[in-house]
Amino acid sequence: MEVQATGNSPLYLFEKFEVGVIHLDAARNVLAMNDFARKVLPVGEKQPFDKLVTSFHPERSKPKVNFLLDQAAGCPVAGNTPMTMIINIPEQVLLIKVTRLADHQGATTGFVLVFYDVTQVVSQEQPVSEAPTPSLRLNRIPMVANHKVAFVDTADVLSLESQAHYTRVLTREGFHFCNLSIGDLQARLDPAQFMRVHRCFIVNLQAVAELGREGSKTQIVLKGKHREPIPVARGEVVRLREALGLLARH
């Protein structure tokens, strides 16, 4: 049966994606890659062939890639679901899938790493009249659960909390896992809507219900059922008060 993909349907968007393919051996060294992968990745600079696949990833992404491969290596061949992860590189957001290859006895012979450039799915262009920015703004945040990627609109995000290399995203429905770092997200979120109030927290300014103090510490309470206070760094208090439209005291 022939399926017609039209408009902005997921199938239509999927058809537009170019795919990068990288072949790894069992030791995770790069054996080969297709032309699109050569175009997107810094192959000329890193010279990754016959080297570990992490050799052309930035330091902050290496733990993610190793985790992805570790998880793929531990999956049985039967019913194996490719592991999925999102990685942020300059000007691009890549959706990466990894699956292992096995011989007739089930022994691992290598891995195939496939990636899609999903930047246009999660980003929006800035108006021409505005000053150029170093990267596209995110209007949706990718989240990973059960080896699948889902997207949440930034308007539905209440806060983001750093979890080492990853980020915990809070919406009215609860917490979600995003494997972009809080620094990656901060660089691509609209600063008029989101503010980093602490090294571990970014808040949606529209979601702030209360601003108060507990002893010498300033903290935020968000709208919704998750009322656990969020700390505000001392150096961010004045900027936060200004962003919330509060007049400075004299």
Side-chain angles (χ1 to χ4, degrees), residues 3 5 10-122 141-151 163-167 176-181 183-185:
V3 178
L11 181 58
Y12 175 76
L13 293 173
F14 184 78
E15 287 179 348
K16 292 173 62 178
F17 288 146
E18 291 193 75
V19 59
V21 181
I22 301 171
H23 183 197
L24 312 178
D25 64 18
R28 305 180 183 183
N29 295 310
V30 178
L31 296 178
M33 62 178 68
N34 71 344
D35 290 339
F36 182 67
R38 289 173 179 267
K39 176 183 175 182
V40 171
L41 302 175
V43 176
E45 173 190 352
K46 299 296 185 179
Q47 294 295 313
F49 293 99
D50 297 320
K51 297 179 183 177
L52 285 173
V53 65
T54 50
S55 66
F56 58 83
H57 286 85
E59 287 299 323
R60 68 174 183 271
S61 297
K62 289 181 180 180
K64 299 180 183 181
V65 176
N66 283 325
F67 172 79
L68 197 67
L69 288 162
D70 289 343
Q71 293 297 305
C75 293
V77 175
N80 182 20
T81 301
M83 300 301 301
T84 304
M85 185 167 287
I86 303 289
I87 287 183
N88 189 74
I89 64 176
E91 296 297 330
Q92 291 169 297
V93 180
L94 304 181
L95 186 157
I96 299 177
K97 288 181 173 287
V98 174
T99 188
R100 82 178 176 117
L101 304 175
D103 61 18
H104 66 288
Q105 294 181 332
T108 300
T109 60
F111 300 87
V112 173
L113 186 154
V114 177
F115 67 85
Y116 301 92
D117 183 351
V118 297
T119 308
Q120 296 303 321
V121 176
V122 299
I141 294 177
M143 301 178 302
V144 177
N146 299 320
H147 310 318
K148 297 180 181 179
V149 177
F151 298 93
Q163 301 275 302
H165 298 287
Y166 313 106
T167 303
H176 311 272
F177 174 78
C178 175
N179 49 32
L180 293 177
S181 72
D184 289 335
L185 291 168

Do [X] and [Y] come close enough that some side-chain heavy atom pair is under 4.5 Å?
X: Pro142; Y: Leu95; value: no
X: Leu101; Y: His23; value: yes
X: Asn29; Y: Asp50; value: no

Set of salt bridge (Lys or Arg N to Asp or Glu O under 4.0 Å) partners for Lys39, sequence neighbours left out
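None.
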Considering residues, nucleotides and ligands other than Asp103, do more than 12 of their heavy atoms fall under 6.0 Å from its CG?
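Enclosed: over 12 neighbouring heavy atoms sit under 6.0 Å from CG of Asp103.
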Nearest heavy atoms of [X] and [Y], plus distance in Å:
X: Ala73; Y: Arg28; result: CB-NH2, 4.3 Å
X: Leu52; Y: Ala27; result: CD2-O, 3.4 Å
X: Ile22; Y: Ala37; result: CG1-CB, 4.2 Å
X: Cys178; Y: Leu185; result: SG-CD1, 4.2 Å

Checking [X] side chain against [Y] main chain: does a donor-acceptor pair fall under 3.5 Å?
X: Thr108; Y: Ala26; result: no
X: Asp117; Y: Leu94; result: no
X: Asn34; Y: Val19; result: yes

Spatial distance of atom [atom1] ([X]) from atom [atom2] ([Y]) [nearest 0.5 Å]:
X: Leu24; Y: Met33; atom1: CG; atom2: CE; result: 8.5 Å
X: Ile96; Y: Tyr116; atom1: CD1; atom2: OH; result: 12.0 Å
X: Glu18; Y: Asp35; atom1: CD; atom2: CG; result: 10.0 Å
X: Phe151; Y: Ile141; atom1: CZ; atom2: CD1; result: 11.5 Å
X: Met143; Y: Asn179; atom1: CE; atom2: CG; result: 11.0 Å
X: Leu31; Y: Phe111; atom1: CG; atom2: CZ; result: 11.5 Å

Intermediate values then yes/no, side-chain contact (heavy atoms from CB on, under 4.5 Å), Leu69 and Thr54:
CA-CA 11 Å; Leu69 288 162; Thr54 50; 5.6 Å; no
Show, in sequence, the C-alpha distance, side-chain angles and deciding distance for Phe49 and Val43, and conclude whether the side-chain contact (heavy atoms from CB on, under 4.5 Å) test is met.
CA-CA 9 Å; Phe49 293 99; Val43 176; 3.8 Å; yes
